[in-house]
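Encoded as structure tokens, the structure appears first; notes follow it.
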Amino acid sequence: MPRFITEIKRTNSCGQLTANDLGKEVVLYGWVHNRRDHGGAVFIDLRDRDGVTQVVFEEDVRPEVHALAGQLRLEWVVGIRGKVVSRGGNVNARLKTGEIEVHATELEVFNRSEPTPFQIEDKLDTAEEKRLQYRYLDLRRAPLQKTLITRARVNHLTRNYFTDSGFLELETPFMVKYTPGGARNFLVPSRLNPGKFYALAESPQLFKQLYMIAGFDRYFQIVRCFRDEDLRLDRQPEFTQIDVEMSFVEQNDVFDVIEGLVVRLWKEVLGVDVPRPFLRMPFEESMSKYGNDKPDLRFEMPHTDLTGLVKEHGGGNVPMLKDAVEGGGIVKAMRLAADQALSRTEIDKLEEYVKGMGAKGLARAKIAEGGEWTQSPLAKTIAPELRQAINAACGVQPGDLLLFQFGKPSTVQTVMANLRVHLAKRLGLIPEYGSGGQWRFLWVVNPPLFEFDEESGHWAAAHHAFTRPHDEDVQYLETDPGRVNCYRYDLVLNGFEIGGGSIRLHDPAVQARVFKAMGISDEDARNKFGFLLDALKMGAPPHGGIALGMDRLVMLLTGAESLRDVVAWPKTQKGTDLMTSAPGDVDAKQLKELWVKSTYEPKG
RNA sequence: GGGGUGUUAGUUAAGUCGGUUAUAACGCCGGCCUGUCACGCCGGAGGCCAGGGGUUCGAGUCCCCUACACCCCGCCA
């Protein structure tokens with residue numbers, strides 16, 4: 001009898017066969033997805049990455065094959081040979097292969113399976129902890145198979161797009177010199193250089209700029225990056241970037257290239273036509289209306305910045321407001337329409353929610369007929385003029401509810417930004433994945449070059465020190481650094497930053513002034529970035545670029561709820577791998593070779 | 001570093017006011033069944049209630065600590 005694999009080769013996948021194949025002799029390989037044993041007939045759903053096919057074993061056809069089929073259990077790996085037969089009146093409309101079944105004449109069990117810790121089903125309730133511990137089983141499930149297949153497709157399309165557009169796919173080192181500032185680096189001790197460490201690259205930033213200086217003009221790379229920061233739903237310690245850099249370009253040229261890629265991805269993967277050009281919004285407007293630089297534009301609910309009004313009215317008899325604006329704080333409000341009314345209990349829950357983000361409380365006012373405020377501790381004391389001014393600024397109607405935050409700008413912005421999204425979710429304002437009209441791409445542009453760092457007491461680069469300031473603002477570098485805006489841009493989709501980049505600073509003279517404004521001495525600059533500063537002096541072309549978060553793109557494309565669902569082998573929130581138990585202990589001998597000693601002492 | 005939620009058979013959950021033998025579904029094991037596709041029917045096994053400490057005559061249930069997982073703030077140029 002001929003043998004499977006060596007002699008009997010697979011003819012089809014388990015998602016392929018249809019009524020067009022009736023009568024064919026086929027060979028399928030796969031996993032037992034489900035079994036229904038009726039005694040004289042055994043039905044097996046055979047699964048591979050392409051789909052599921054029903055295989056039937058009948059007692060009166062091949063008794064010994066039927067007997068073996070009766071022993072099959074879930075997740076056994078088998079090969080079968082048989083004939084494609086119509087299901088007649090028993091069509092299964094939910095299966096792509098539901099018109100047919102394969103009547104098996106041969107069966108080989110390649111491997112049995114112990115009962116799996118959880119069942120391999122499309123919809124699974126099992127704790128993510130268990131799924132991660134047995135990730136290879138989790139990955140057998142159709143939704144994750146589909147996601148990773150999409151991911152492979154995005155890789156392929158991206159590579160083709162850039163290569164066809166004249167970009168060169170060039171590599172950069174992962175093991176690099178540590179440079180301070182920015183994300184925390186993973187460090188790799190150097191055995192050959194006692195006491196020295198490599199850093200794992202948090203991005204190819206400096207190397208891609210050096211490629212431009214070396215004359216490679218248009219570069220891209222689909223590249224892994226490493227950051228030793230705390231994890232989030234949309235953040236993993238190693239992640240993949242679509243990294244791009246171009247010479248002789250301005251901001252609009254970068255936008256053109258990236259919009260072209262995104263439009264193609266959405267068309268090819270989802271069949272969706274995304275309109276171009278994407279909306280552009282100044283950083284300032286985004287902060288003012290939405291509280292952050294990655295607004296979700298699928299719903300409105302903008303903030304109203306009341307800082308100016310409150311100042312004009314000297315706090316309007318409300319000591320808390322007065323103190324807030326006089327102490328350098330800001331005041332913001334958000335309007336909830338009358339038909340979005342929340343119960344007292346819900347508002348109390350909201351207050352707990354915002355306190356968790358550092359808010360002192362959640363001031364509110366219900367608008368009565370005639371613009372009076374009720375249900376508010378502010379109602380009694382606030383000057384009527386300020387109250388009216390606020391009503392007008394927020395555009396309230398009777399029955400509306402105003403929610404307020406005031407105080408430290410960063411806290412107010414964070415709280416209000418998260419509150420906006422939180423409320424939109426609760427009010428059902430965000431359309432479900434796949435329901436159409438939900439792809440709100442946005443370029444956030446022209447942010448300030450510096451932000452004031454209260455800890456150190458001087459201006460620091462808001463993003464990185466090699467972003468080009470607007471030419472007309474260069475004059476303020478020394479006198480009013482906060483006024484200098486720059487050619488930095490973020491690509492935002494539905495509340496996620498999916499990319500960010502800038503036009504780079506290629507002029508060494510301006511570069512020196514930027515360092516000076518940041519309080520970095522020539523010596524410091526030389527120590528940290530000497531090689532780049534030297535390079536900029538030797539014929540650096542005007543250049544700029546961007547990096548897109550590949551994982552986040554795939555997450556949004558597939559409707560996944562977590563980055564962990566689009567990364568094949570993700571880490572937990574504490575950065576561990578539950579399957580392999582990384583990170584793990586190492587031998588004392590290894591540490592000695594690396595000139596490393598651990599100071600860790602376990603608790604207790 | 002801080003705030004919050006959770007942890008009960010292999011899996012997902014229930015478990016009332018603190019009360020005596022901790023339930024169910026799916027999975028697993030045995031048996032029957034030729035048209036099922038969430039197959040069905042009969043029978044069975046399976047528990048250190050995350051770990052530790054405390055309160056109590058008595059703790060899955062109340063309190064404290066620890067561990068792990070998840071969400072958020074800080075952090076992520």
Side-chain angles (χ1 to χ4, degrees), chain A residues 33-45 52-61 66 70 73-75 85 87-95 97-98 101 103 113-134 137 179-185 202-203 205-206 225-237 239 349 352-359 410-411 414-415 417-418 421-422 447 449-451 453 455 460-467 488 497 500 502 518 528 549 561-562 564 571-574 576 578 602-604:
Chain A
H33 186 61
N34 204 356
R35 66 188 179 97
R36 293 173 294 279
D37 185 346
H38 287 244
V42 175
F43 298 89
I44 295 294
D45 294 336
V52 169
T53 299
Q54 174 162 281
V55 182
V56 188
F57 300 87
E58 293 182 303
E59 191 168 22
D60 49 15
V61 178
H66 168 266
R73 291 295 180 267
L74 300 184
E75 299 308 313
V85 174
R87 291 215 201 174
N90 293 319
V91 166
N92 183 342
R94 280 180 299 172
L95 276 187
T97 61
E101 61 193 8
H103 285 208
S113 172
E114 290 181 13
T116 49
F118 49 84
Q119 283 152 262
I120 312 303
E121 300 167 323
D122 292 6
K123 289 201 165 185
L124 194 65
D125 287 330
T126 300
E128 196 179 5
E129 199 174 344
K130 275 281 179 297
R131 293 172 42 204
L132 291 175
Q133 192 181 342
Y134 300 96
L137 296 179
T179 49
R184 201 175 275 123
N185 289 92
E202 64 190 59
S203 94
Q205 182 61 41
L206 300 181
C225 302
F226 307 87
R227 292 182 189 174
D228 189 8
E229 295 292 348
D230 284 7
L231 282 68
R232 287 281 191 284
L233 190 78
D234 61 350
R235 248 195 259 163
Q236 282 277 309
F239 58 97
K349 268 190 203 160
E352 288 310 306
Y353 171 73
V354 299
K355 280 181 175 171
M357 287 179 289
S410 58
T411 305
T414 299
V415 169
N418 288 342
V421 175
H422 185 81
L449 180 61
F450 302 105
E451 57 192 24
D453 181 29
E455 262 180 55
H463 288 284
H464 67 85
F466 300 95
T467 302
R488 157 89 203 175
E497 182 198 321
S502 62
M518 290 166 57
K528 289 169 185 171
E561 286 174 10
S562 157
R564 291 186 297 274
K571 304 283 192 292
T572 69
Q573 195 161 46
K574 278 187 84 181
T576 64
L578 294 178
K603 274 186 202 172

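We name chains A, B, ... by the order of the sequence lines, and we start the count at 1 in each one.
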## Note on the structure
5'-most contact on RNA chain B (nearest-nucleotide basis), Asp230(A) vs Val91(A), goes to Val91(A)
### Base C37(B) paired with Asn92(A) side chain (donor-acceptor, <3.5 Å)
yes
### Query
Under 4.0 angstrom, heavy atoms only, what part of the nucleic acid is Gln205(A) near: base, sugar-phosphate, or nothing?
base
### Task
Using only side-chain N and O atoms of Asn34(A), determine if any of them is under 4.0 Å from OP1 or OP2 of U36(B).
no
### Message
Would the base of U36(B) count as contacting Gln54(A) through its side chain, where contact means a donor and an acceptor less than 3.5 Å apart?
### Response
yes
### Task
State the CZ-CG distance between Arg227(A) and Asn185(A), to the nearest 0.5 angstrom.
9.5 Å
### Query
How many angstroms lie between CZ in Phe239(A) and OG in Ser203(A), if you round to the nearest 0.5 Å?
8.0 Å
### Message
Counting only Watson-Crick pairs (N1-N3 plus N6-O4 or O6-N4) and G-U wobbles (N1-O2, O6-N3), all under 3.5 Å, who is the partner of G19(B)?
### Response
C57(B)
#### Entry: Arg73(A) side chain near C29(B) phosphate (N/O to OP1/OP2, under 4.0 Å)
yes
### Message
Need one value for Ala462(A): base, sugar-phosphate or nothing, where a base atom within 4.0 Å counts as base even if backbone is also close, heavy atoms only.
### Response
sugar-phosphate
### Whole-Å gap separating P (A9(B)) and CZ (Phe118(A))
16 Å
### Query
Looking at Lys574(A), does any N or O in its side chain come under 4.0 Å of the phosphate oxygens OP1/OP2 on C68(B)?
yes
### Task
Give one of base, sugar-phosphate or nothing for Asn418(A), where a contact means two heavy atoms less than 4.0 Å apart.
sugar-phosphate
### Task
Figure out the CD/C1' separation between Glu114(A) and C29(B), and round it to whole Å.
15 Å
### Query
Looking across every strand, which nucleic acid part, if any, lies under 4.0 Å from Ala460(A) by heavy atom: base, sugar-phosphate, or nothing?
nothing
### Task
Just call it for Arg131(A): base, sugar-phosphate, or nothing, with non-hydrogen atoms closer than 4.0 Å on any strand.
nothing
### Message
Using the rule given for side-chain contact (heavy atoms from CB on, under 4.5 Å), can you reason through Glu75(A) versus Ile120(A), listing the C-alpha separation, both sets of side-chain angles and the distance that settles it, and then say yes or no?
### Response
CA-CA 8 Å; Glu75(A) 299 308 313; Ile120(A) 312 303; 3.2 Å; yes
### Query
Between the base of C37(B) and the side chain of Arg87(A), is there a donor-acceptor distance below 3.5 Å?
yes
### Query
Looking at C72(B), G10(B), A69(B), which one has an atom nearest to any side-chain atom of Lys130(A)?
G10(B)
### Query
Is Phe43(A) stacked on the base of U36(B) when the test is centres under 5.5 angstrom and planes under 30 degrees?
yes
### Query
With no angle test and no hydrogens, is the base of G35(B) tied to the side chain of Glu101(A) by a donor-acceptor pair under 3.5 Å?
yes
## Note on the structure
The Watson-Crick or G-U wobble partner of G6(B), with both key distances under 3.5 Å, is C68(B)
### Message
Regarding Lys355(A), tell me which of base, sugar-phosphate or nothing describes its non-hydrogen contacts under 4.0 Å with the strands shown.
### Response
nothing
### Task
Give a yes/no on whether any side-chain N or O of Thr576(A) is located under 4.0 angstrom from OP1 or OP2 of A69(B).
yes
### Task
For G35(B), give its Watson-Crick or G-U wobble partner with both distances under 3.5 Å, or none.
none
### Message
Under a 3.5 Å cutoff, is there a donor and acceptor pairing between the side chains of Arg36(A) and Gln54(A)?
### Response
yes
### Query
Contact class for Leu233(A) vs. all strands (heavy atom < 4.0 Å): base, sugar-phosphate, or nothing?
sugar-phosphate
### Message
With nearest nucleotide decided by heavy atoms, which residue, Thr414(A) or Arg227(A), maps closer to the 5′ end of RNA chain B?
### Response
Thr414(A)
### Message
Please classify the nucleic acid contact of Gln573(A) as base, sugar-phosphate, or nothing, using heavy-atom distances under 4.0 Å.
### Response
base
### Message
Strictly below 4.0 Å: does Thr572(A) bring a side-chain N or O up to OP1 or OP2 of A69(B)?
### Response
yes
### Query
Should the pair His422(A) and Tyr353(A) be assigned to parallel (<30°), tilted (30 to 60°) or perpendicular (>60°) ring geometry?
parallel
### Query
For the pair made of CD in Glu128(A) and C1' in C71(B), what is the distance, rounded to whole Å?
12 Å
### Message
Tell me which nucleotide, if any, is Watson-Crick or G-U wobble paired with U12(B) when both distances must be under 3.5 Å.
### Response
A24(B)
### Message
Using 0.5 Å steps for rounding, measure from the NZ atom of Lys571(A) to the CG atom of Leu231(A).
### Response
9.5 Å
#### Entry: Heavy-atom donor-acceptor pair, Arg235(A) side-chain to C75(B) base, under 3.5 Å
yes
### Task
Compare the ring of His38(A) with the six-membered ring in the base of C39(B) and state whether they stack (centres under 5.5 Å, planes under 30°).
yes
### Task
Let me know the distance between CZ of Arg232(A) and P of C76(B), rounded to the nearest Å.
11 Å
### Task
Starting from P on C72(B), measure out to NE2 on His422(A) and report it in whole angstrom.
12 Å
### Interatomic spacing from CD in Gln236(A) to CD in Glu229(A) - rounded to 0.5 Å
14.0 Å
#### Entry: Pairing partner of G46(B) (Watson-Crick or G-U wobble, both distances under 3.5 Å)
none
### Message
Less than 4.0 angstrom between a side-chain N/O of Arg36(A) and OP1 or OP2 of C39(B), yes or no?
### Response
yes
